[in-house]
Amino acid sequence: MALAINVYSSSSAISTYSFPSSDLKAPQIGSLRLSDRINVSSASLSISGKRSSVKALNVQSITKESTVPPQAASMVASEIREKVDVIEVEDFEELAKKLETASPLEIMDKALEKFGNDIAIAFSGAEDVALIEYAHLTGRPYRVFSLDTGRLNPETYRLFDTVEKHYGIRIEYMFPDAVEVQALVRNKGLFSFYEDGHQECCRIRKVRPLRRALKGLRAWITGQRKDQSPGTRSEIPVVQVDPVFEGLDGGAGSLVKWNPVANVEGNDVWSFLRTMDVPVNTLHAAGYVSIGCEPCTRAVLPGQHEREGRWWWEDAKAKECGLHKGNIKESNATVNVNGTTSTVDDIFRSENVVSLSRQGIENLMKLENRKEAWIVVLYAPWCPFCQAMEASFDELADKLRGGDGVKVAKFRADGDQKEFAKSELQLGSFPTILVFPKNSSRPIKYPSEKRDVDSLTSFLNLVR
């Protein structure tokens, strides 16, 4: 169980070292964990900003002055630590419930109030600039850090400079280890992620620098929203004990993570940015919604989810870099012992969309002279990119009903059907759209990522 504990002496707080804003990697001076020391003359525990007295336990004095064996004293100490741990976890869970309906400004104010100079905003150069505006509006001092991967867009670097001047701040940049980057590029080249996935590059350029940054903090603030990726981020709380990274004091539970805009929709974030005249990345005007490194980011098209602009050559489940691993939900489905998935709401539910079984699509593949053409989407209901095109595909089905010579169908291609779909149906990633012409057994794969009704109709007219 993840925990967050700060220990104070009876006369003054032990963990009160003040860190300069120019260095996120501050030394762990004055920090203390219960697991490290038990011989404290008197102590009180900091529980989400409140102190509750706890009678100090001196194991050494117990073993010398009483008949209690050392093993028993250790058991008592362990029991006290466990009780303290539970109190702390419950406190942050309770705080998250209390702040669930609070505004981002209220949440930001509470975060800065509680952690002062030991908290910082993680700024990526996208719409999370809203976090800096919220912090500015609180009137409290705040810190901002960013991960410079060395592969960002020029527009992102220009935004960093503009934001610093606009708010009168200095962003604390974190860089990847030069030796690790050099080894990766020399061994695999500059664009190896197109061939073997982005995780290794992200781990070197983003995750490890973030880990170093967070080791100098007790809390951090992110721009995660539930609607950014419905399949993986739908359960983000507004505040939590970070389940993955460690903070200044080290160990599990030593870092708190704040997500002030978790419950805010993207459109509302943009309304706020326009109203407050906040400087934004010029890439947004070019169709970029989610912005990361230049080789791995592109504009999204009509009918696409915002995360489809990231690592577009990979499966939908892989579109996370690892910075928010603790908040990622694998999918909404559960996996049965036979490998199939269940308990997930289906999509493409128009009565004019034919649902094909494995046998059904195999029969369709065998037909060489069909009476009508078919357009089939290979999908997974948990995939946010399939969900994003549901409305347009259903509309296409309704538009083509009634003897237009085209059948519209769907085939669920995840779970135990995925390998079959890859080998026989050209599945690369979800969604994949196939057209089965009237006079050909081999399907034609729809090559574009424009999934609006007009684009799909035009393609059908060309090939059917």
Side-chain angles (χ1 to χ4, degrees), residues 19-25 103-109 111-112 115-176 205-206 209-210 212-214 216-217 219-225 228 257-262 264 266-294 296-297 299 306 309-310 321 323-324:
F19 301 98
S21 61
S22 61
D23 186 9
L24 277 171
K25 298 184 289 183
S103 69
L105 183 59
E106 291 177 279
I107 298 169
M108 178 67 72
D109 186 66
L112 297 178
F115 290 94
N117 200 48
D118 289 335
I119 190 171
I121 297 168
F123 177 43
S124 69
E127 79 276 7
D128 55 355
V129 68
L131 298 174
I132 301 176
E133 179 67 17
Y134 283 123
H136 175 73
L137 291 174
T138 68
R140 299 181 185 275
Y142 61 91
R143 296 167 61 185
V144 180
F145 75 92
S146 188
L147 307 177
D148 184 351
T149 64
R151 304 294 295 266
L152 302 179
N153 288 278
E155 292 86 348
T156 301
Y157 289 113
R158 285 194 285 271
L159 176 65
F160 287 157
D161 181 64
T162 301
V163 165
E164 287 186 327
K165 293 175 180 176
H166 183 82
Y167 292 102
I169 61 174
R170 284 296 178 198
I171 297 173
E172 302 169 38
Y173 298 101
M174 298 299 297
F175 300 91
R205 294 180 182 269
K206 299 176 74 173
L210 175 65
R212 294 201 313 269
L214 297 179
L217 299 169
W220 63 310
I221 304 169
T222 86
Q224 285 192 109
R225 303 192 320 272
Q228 282 175 325
K257 185 176 185 179
W258 293 78
N259 308 298
V261 294
V264 181
N267 289 338
D268 292 329
V269 172
W270 275 100
S271 295
F272 172 74
L273 293 175
R274 285 189 289 267
T275 299
M276 304 306 295
D277 196 24
V278 176
V280 297
N281 199 319
T282 55
L283 287 173
H284 290 304
Y288 289 72
V289 182
S290 179
I291 299 174
C293 293
E294 186 277 331
C296 304
T297 306
E306 65 179 78
R310 305 289 294 277
C321 62
L323 300 187
H324 302 294

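Note that the coordinates shown come from a computational prediction; the quantities given were computed from them, not determined experimentally.
Scored by the side chain to side chain contact (heavy atoms under 4.5 Å, CB included) test, A111 finds I119, I221, W258 as partners (sequence neighbours excluded). Under the rule for a side-chain hydrogen bond (donor to acceptor under 3.5 Å, both in side chains), the partners of S124 that lie at least two apart in sequence or sit in another chain are D128. In terms of the ring-ring contact (aromatic ring centres under 6.0 Å, His included) criterion, residue partners of Y134 (sequence neighbours excluded) are, by chain and number, F272. Checked against side-chain hydrogen bond (donor to acceptor under 3.5 Å, both in side chains), S271 has no partners two or more places apart in sequence or in another chain. Looking at residues two or more places apart in sequence or on another chain, you find a salt bridge (charged side-chain N to carboxylate O under 4.0 Å, His left out) between D109 and R140. Residues satisfying the salt bridge (charged side-chain N to carboxylate O under 4.0 Å, His left out) test with E164, not counting sequence neighbours, are R170. Applying the side-chain hydrogen bond (donor to acceptor under 3.5 Å, both in side chains) rule to Y288 yields no partners; only residues at least two apart in sequence or on another chain are considered. Qualifying ring-ring contact (aromatic ring centres under 6.0 Å, His included) partners for Y173, counting only residues two or more places apart in sequence or in other chains: F160. Scored by the side-chain hydrogen bond (donor to acceptor under 3.5 Å, both in side chains) test, E294 finds no partners at all (sequence neighbours excluded). For A122, the side chain to side chain contact (heavy atoms under 4.5 Å, CB included) partners at least two apart in sequence or on another chain are F145, W220.
Rounded to the nearest 0.5 Å, atoms CD1 (I169) and CD (E172) are 9.5 Å apart. From I171, atom CD1 reaches atom CG of L159 across 7.5 Å, with rounding to the nearest 0.5 Å. Interatomic distance, CH2 of W270 versus NE2 of H284, reported as 4.0 Å (0.5 Å rounding). Distance check, rounded to the nearest 0.5 Å: CD of E133 to OG1 of T138 gives 10.5 Å. Annotation: the span from I121 atom CD1 to S146 atom OG amounts to 12.0 Å, rounded to 0.5 Å. The distance from the CG atom of L214 to the CE atom of M174 is 8.5 Å, given to the nearest 0.5 Å.
When side chains are defined from C-beta on, E127 does not count as touching V280, because their heavy atoms never get closer than 4.5 Å. Between N117 and P141, every side-chain heavy-atom pair lies at or beyond the 4.5 Å cut-off. Within the 4.5 Å cutoff, the side chain of P260 has heavy atoms near those of the L131 side chain. With contacts defined as side-chain heavy-atom distances shorter than 4.5 Å, the pair M108/L112 qualifies.
Minimum interatomic distance between T297 and G292 (heavy atoms only, all atoms of both residues): OG1-N, 3.0 Å. For the pair H166 and D277, the tightest heavy-atom approach, listed with the atom from each and the gap, is CE1-O, 4.3 Å. Closest approach of A286 to A299, counting heavy atoms only: O-CB, 3.6 Å. Summarising the geometry of P209 relative to P176, their closest heavy-atom pair is CG-CA, 3.7 Å, with the distance given to 0.1 Å. Nearest heavy-atom pair across A126 and I291 is CB-CB, 4.2 Å.
For residues 147-163, the pairs satisfying side-chain hydrogen bond (donor to acceptor under 3.5 Å, both in side chains) are D148-Y157, T156-N281, D161-K165, with sequence neighbours left out.
Counted within 6.0 Å of NE2 on H136, heavy atoms from surrounding residues, nucleotides or ligands total 12 or fewer; the atom is thus considered open.
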